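One structure below.
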Amino acid sequence: MTTVLHVSDLTVDFGGTTAVDGVGFELAAGETLGIVGESGSGKSTTALALLRMLPPGGRITAGSVHLAGQDLAALPEEALRALRGRRIAMVFQDPMSSLNPVLTVGRQLDEALRAHGSALRRAQRRARATELLDLVGIPDAAERLRDHPHQFSGGQRQRIMIALALAHDAEVLVADEPTTALDPTIQQQILRLLTRINRETGTALVVISHDLGVITQTCERLLVMRDGRVVERGATAEILSDPQHPYTRELLAAVPRLDEPSRAAANSTPGEQPLLTVRGLGKTYGTRRRSVTALHGVDLDLHPGETLGLVGESGSGKSTLARALVRAQAPSAGSIRFRGEELGRRPHREVQLVFQDPYSSLNPRMTAGQIIAEPLIAHGLGDRERRAARVAELLEQVGLDPAMAERHPRAFSGGQRQRIGIARALAPEPSVLICDEPVSALDVSVQAQVIELLARLQRDLGLAILFIAHDLAVVRQVSHRIAVMHHGRIVETGPADRVVTAPEHPYTAELLAAVPRLESALAAPADAPTTAPLASTRSTT
Amino acid sequence: MRTFLLKRLPSALLVLLLASFAVFLILRLIPGDPATSLAGPDATPETVEAIRSQLGLDQPLFSQYVSWLGRLLSGDIGPSYAIGGQVADLIGDGFGATAQLTLGALLLVVLIALPLAVLGATTRSRPVAAVVQAVTTGVLAIPPFVTGVVLVLVFAVSLGLLPAGGHESLLTEPDLAVQYLAMPAVCLALPSAAVVARYLKDGIERALAEDYVRTATALGVSRRRTVWRHALPNALPSAITVLGLQVGHLIAGAVLVERIFAWPGLGQLIEQGVIRRDYPVVQDLLLLVVAVYVAVQLLTDLAYTWLDPRIRWE
Amino acid sequence: RSAVEHSRNAAADVDGGGTPRKGGVLSIASAIDITPSLLFAQSANVLVQRLVFNTLTRYDDRLQPQPELATSWQVAPDGLSVTLKLREDVLFHSGRRFTADDVVFAVKNLQNPARSAQLRSTAAAVTDFRKNGDFELTLVLAHPVSNLFDLFEFMIIPDAATVEDAVAGTRLIGTGPFTLTERKPGSSIAFARNERYWNPGRPHLDGVEIRIIPQSESLLSSLKTGQTHLSYNIRGKDAALLRDDPRFHVKQYDTGSGAYYIGVDVTAEHVSDKRVRQAIAWAIDRDRLVQQALGGYGSVSSVPWPKSSPAYTEAGATHYRHDPERARALLREAGAENITLPFAHAAEPGPTAIAQILQYDLKQVGIETELRPADSPTMQKQLISQTMPALWSLSHGFAQLHPATLAVSAYPFNEAKNSSHFSSPAYTDVVQRAWNRSDSDGPEAKALYQQITDVLLDEEFVIDLAIAGLVEVTGSRARGVTLNKFGYLNLDDAYLAA
Amino acid sequence: MTTATLPLKSPRVRGRYLSGLLTWRGLTGLALVGVVALAGLLAPLLTDTDPNAQSALALAGPSAEHPFGTDDLGRDLYSRVLHGIGTDLTLILTAVPIGALLGCSAALLAATSRWADLAVQRAFDLLLAFPGLILGLAVTAVLGPGRWPVVIVIALAEIPGFGRQLRAGILVQREREYALAARIGGASRARVLLRHVVPNAVDPLIVQTAVALSIGVFIEGAMSFLGLGVRPPDPTLGSILSQSVAYLTTDPAFAAAPLTATTALVLGFTLIAEALNRGIRR
Ligand SMILES: Nc1ncnc2c1ncn2[C@@H]1O[C@H](COP(=O)(O)OP(=O)(O)OP(=O)(O)O)[C@@H](O)[C@H]1O
Ligand SMILES: Nc1ncnc2c1ncn2[C@@H]1O[C@H](COP(=O)(O)OP(=O)(O)OP(=O)(O)O)[C@@H](O)[C@H]1O
Ligand SMILES: [Mg+2]
Ligand SMILES: [Mg+2]
């Protein structure tokens, strides 16, 4: 096997702090390499450094990146351009902002195709673009070339990003968290696609993910990173079965497994009377002429001290439901009763939301203390001193140092921000906490911290929690009951263990089957030659 | 598009009505009156009174306003007081000339601002950046009345390349018209071009820092194409808004520039109208300017939604 | 095609030589457009009047009337009537023949207050018309009128049928050498040769074009680039530069283009004392004013009369000189030291410069002034409604002819009603006596003019400062251009040299 | 909305402005504005010549006695330009804040309801649609000539700029999740707007202010040219400049000094604006 990519001693500095410290690896044609590691350990930075596309302020201070004999770290910009996209391609971590909002998806694919002076005619490029979209499972591909990115769901956008990177059959494909926004079924499709490409065109793959299941399924070899260094490397199966470094062991231990039974019952016992009763909830977005119905008559009960897990396809209406419950959006139909009384138009003090994206929900101009104190001020709870005491207490409850109250959101890590969001939601002493994907962006170790925190709060305060997530293993672990959403409807509700082990609805079964497992990977590498078209079961718009 | 217009038209009409009221009042607030202008420098107060009543200026203000609106709606706006001729003819002639001037200037604004902005946003060479900077600010610092006079001195008086002033219609004598148009249009366009260039440059710089530009780079799209095809379209919507605002400034600037280049447009007419307190001319003209401006705002909003697909969605 | 050439093309090909040549279009640069409603009045732009129309008589350089539409005239010995013989070969542009009825109409037209004619009082002195055939008539006067020929110089003969169109600015029908072909308000006025003009072989020119160029710098540039051939709106300082340029011919008219003055409201505090007004007259450095504000084109003068006036005397013109000591002494005497007065002026650059000069000179003798710039219509409204502040500065005309014309026609000097709120029986008396007489330059008349001058110099309700030069700048090709005493442009003999 | 790749110890907001200013752009801008402003401020110390004192020596070129020469009325240009800078700065430093305040208030008003928004937007249109000449004439006519009309016309001209900027910022920020979070937390509409949305929407205003200052100088000049400016004989940069236009061919030195001062001011404002802008973006 020939080596296509040879990275040695790669070091990246951000104005004094070293983000990547002496990373090195080799990649042969047709090989697959996974990179895992703590959030902030330098995974994305490494990937960006490979193409020399570091954000302003970042600099490669040492090392080399040899692609087929050329050192990318030292190549002139023009020569580098000729390689990017054609020989080494990249899928970025954040699909939402990585697509140009004012160009149609067709135009962007076209740009990618013509970037390297390909001799294709206009019509040929069009055909190829359609093919690429089709490949990543966007239904109705030819039609949708005319749409703009905002007209696609988050998961679809992530797949468009992948289609762009596939435009030129590059020798190396670097995929940074390619499936974070995807539910298990679609995630499965994408992973199969990557595997297939790897196998058919001999493209070497570098996959970055915090989801060990994903890595297991796609990558033969593995790097584990921490604090900018590679702490462990080797064949995936070996590392997973016999981790050497303590951090790797920690990581593995924290991975929730789908086959572990729910721990919720041990944690708390739900009350008899439902706290929150939702009946026939409907929500339609858009104008009369062009509307999207996100919720079709959803019924839901939430009891005190209970955690209800909510899973479902991306775009099935989970966030819409969450927002309706906290009255951030008026529903188009149905009723929401809290303790038997209809909720008013304004947000209710006792129903609070923890946002999907912690960072954007924190006001960048305020300190953590101010942010947590806001609901207290709004509801006129306590005077200045009492509020300060309460903020300190809350911070301690979520496991943060009260001294951190003076810091701005920017100065916290992802997991810490998530906890600030939780502290804020807890401040007005709610009895219902709605958590919208509180862990999707976190690596397993931080994820475990957050889950532990929620469990403790439920135990101590008897909170009712609606827990929305993609990751079924986590959901099973924390929930008393699980509800499954599909196309704006709840298709199945039941005790957590029962839903996972004996799904009643076919969609639930499909979802479960798609979850990548560490064990299965160890047993038999994901081959399942699915050359069948990667058709999607869902249709968007 | 239809719904957009249907939604916007009522408020646009309301703006026009308010504007008519404002125009009417403002004119009456300015001291001096048409009768004294008409009566000449050595008139007696009696003569002035006679002319006032002949023009109906002794009527109560409100009835003057109503009869003006009535005339406007009936389409017969009548003769001017002091300038001579029918107001409609005066405005019609001036409108053509001013449209020629402002549209020419607008075109220049785009032609100057676009390359300047792109150059300023993308250059890595400090001297080039400094030159772009100097041009965009120098032009804003030197008032058009100086620019205009200097242009005339250089290109007409010294070099004899262009006529010092005057106007030909683009429709009948296009080759001559362009030569007459050159200096006034440049003079009018420069400050606006500087402002638009500044906003555009800012927009391009911001777009260049976005993730989607990073995507284009990662795909190997060339630097030039990245700037023109990926960053620029994102900077355009807000630049279009600024351009729309500049139309107002161009119309206002026409008053100065038309004067310097003896350009027979609405700016001259407004100035003459104001100086002679020719109420009908000024009133109708200002209302027309407001209407044009409101229409331009409608157009920029339309362009905005066209350029930025996200807005259509909402 | 080059627009530069095109813009000069107005002057079509004419063959060389210094003798009058036929053909070509003379292009005139004017800073101000005409005001159609003021066609029959003296206003800022009177270039059109004598191009399209004719007058009855025309003054020569010695202020002797010469025939124009009137071939001869006879003033009755008692001065109560005048008999005119008219040309018989004159056609209006419409083709209609000019007759005595047109003269009758012209006089009646000026009597109409809506025409705002400054010489309305003189026209109003005509009480009856006696026609003797189509080409002879007698005007009967209420009293002897000394400035009768001023009226004949001033009064253009319009076509009665279209006079309303004329004041609306849509159609001008006269008997003059040129016919109006097109007017673009604010931009240009074009004329073509009147092929049936009564003066044989005239005019030489094919046509005339007046271009309106409000900006002084641009106006100057249009002359320099050959776009225009003639202007009367060149600022003094620019004229001074052009004087040495062989491509231009600069000529000054004795009539001047009006006189700059400080008007005084004699009912206002402090300045109601005539010593204060005299002090102001002493305080001004008129030489500097002429030098700095008029570029040297003008002459200092304490009286309204330009050199062309029969009332002009050297002693009068130089009565007040720059003498701050004397001014201060007068102020002390009047007990008006360290006073502050409001001072209105027009907001245009020229008047603003003048106002600042005056302000500075007054400050040197202890009179603070608060400048109040206003645009011309505002000034005019204040002037006519007599609501000017204590001091203002403006310019006035109508002193270039018979002194009586000034006192009965120019508003600032009007004996009956003026912005200064000034009236005195002595002034009224002397003005009426000067006006109500049939001769205008006999010794007795001159004595009366001296009396008027004396009253003006003593009372100083209008403090004259300087007579602005009437400067004609022609490109070297334009020849034979003249103005009448009211500034009407006469191009009968004008031609464009090669 | 990326949660990763965020610098952990990024400088604070104030720090970002400061670091923006401490670049070659920012420092040059500060130096330019500083020198000109100081010259204006210290005019009485830098020259003891009365800026309004006239003499027979008109249009003299630069000399020891008159470093910039004299104007057409024989006044010392050095003194006039220095005092003119002072006047200009006073004018725009009064007018721009007033315009900013009114524009921002209007934007806040617009944020309260759809109708208010519509009304405010159309009011801005109306304000922008009137040619400056008319506005200047009307204001000067009502108030009489002097500084206030200039201040008012500049302020009126600036209102829509500030208003639109802030409104746009509010519209964007209002849709951000933190604003929603504040609402769910129970904050009132006014509190969400004033405490959360506005502080995040004001960044562009700092740049807008710098632009507005340049435009202020520009408007002052235009008004002087039309004879609507500050009451003579008080010097302003605009009035000296418009006076000098008549002598551009014969005495170009007349225009040089005011032109240099204006250009330096505008260039300085622009550079500062750009520097701050870059600072924010970093
Ligand atoms: N633009 C930047 N300026 C300064 N520091 C940066 C910048 N981008 C990243 N860093 C720092 O570099 C380190 C590595 O960041 P990187 O984005 O590579 O992490 P990661 O492993 O991809 O994390 P995640 O799993 O959250 O995506 C972090 O400590 C981060 O603070
Ligand atoms: N503001 C909006 N306007 C129009 N359609 C919307 C809007 N927000 C959401 N939708 C649509 O409503 C549907 C449900 O969206 P929602 O955000 O509730 O999905 P979700 O289940 O939370 O998905 P994910 O797992 O990706 O977060 C989607 O089809 C989406 O396209
Ligand atoms: Mg990352
Ligand atoms: Mg969601």
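All values reported here derive from a predicted model rather than from experimental measurement. Letters go in sequence order (proteins before strands), and every chain restarts at 1.
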**Message:** Using a 3.5 Å distance criterion without hydrogens, assess whether the side chain of A:Lys43 forms a donor-acceptor pair with backbone atoms of A:Gly228.
**Reply:**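 Not a single qualifying donor-acceptor pair exists.
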**Prompt:** Is the backbone of A:Glu177 close enough, under 3.5 Å, to the side chain of A:Gln158 for a donor and an acceptor to pair up by distance?
**Reply:**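 Yes, the answer is positive, given that a donor and an acceptor are paired below the 3.5 Å cut-off.
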**Message:** I'd like to check D:Thr209 versus D:Phe269 (side-chain heavy atoms, cut-off strictly below 4.5 Å). Are they in contact?
**Reply:**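 The answer is no, as the side chains (C-beta and beyond) never meet within the 4.5 Å cut-off.
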**Asked** Pick from A:Arg349, A:His348, A:Gln370, A:Met366: which one has the most heavy-atom pairs with chain D under 4.5 Å?
**Response**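 When all of A:Arg349, A:His348, A:Gln370, A:Met366 are compared, A:Met366 has the most.
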**Item:** Best-contacting candidate, A:Ser361, A:Pro375, A:Ala378, against chain D by heavy atom pairs under 4.5 angstrom
**Value:**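 Looking at each option in turn, the highest pair count goes to A:Ser361.
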**Request:** Please assess A:Arg323 against A:Asp436 for the test salt bridge (charged side-chain N to carboxylate O under 4.0 Å, His left out), listing each intermediate value before the final yes or no.
**Result:** CA-CA 9 Å; A:Arg323 278 161 196 261; A:Asp436 192 359; 5.4 Å; no
Please state whether the side chain, the backbone, both or neither of [X] comes within less than 4.5 Å of a heavy atom of chain D.
X	result
A:Ile377	side chain
A:Arg424	side chain
A:Arg327	backbone

**Contacts with chain A made by residues 181-195 of chain D (heavy-atom distance under 4.5 Å), listed by residue number** =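 Contacts with chain A: D:Ala181, D:Arg183, D:Ile184, D:Gly185, D:Gly186, D:Ala187, D:Ser188, D:Arg191, D:Arg195.
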**Asked** Going by atom types only, do A:Ser431 and A:Glu350 share a side-chain donor-acceptor pair under 3.5 Å?
**Response**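 The answer is yes; a qualifying pair exists.
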**Item:** Reference residue A:Leu325; test side chain to side chain contact (heavy atoms under 4.5 Å, CB included); the match among A:Val432, A:Leu353, A:Leu276, A:Thr320
**Value:**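 Per the side chain to side chain contact (heavy atoms under 4.5 Å, CB included) rule, the option paired with A:Leu325 is A:Leu276, out of A:Val432, A:Leu353, A:Leu276, A:Thr320.
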**Request:** Decide side chain to side chain contact (heavy atoms under 4.5 Å, CB included) for A:Asp21 and A:Asp227; before the verdict, give the C-alpha distance in whole Å, the side-chain angles of both, and the deciding distance to 0.1 Å.
**Result:** CA-CA 8 Å; A:Asp21 193 356; A:Asp227 290 339; over 6 Å; no
**Prompt:** Can we say D:Arg114 and D:Asp117 salt-bridge, meaning some charged N sits less than 4.0 Å from an Asp/Glu carboxylate O?
**Reply:**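 No.
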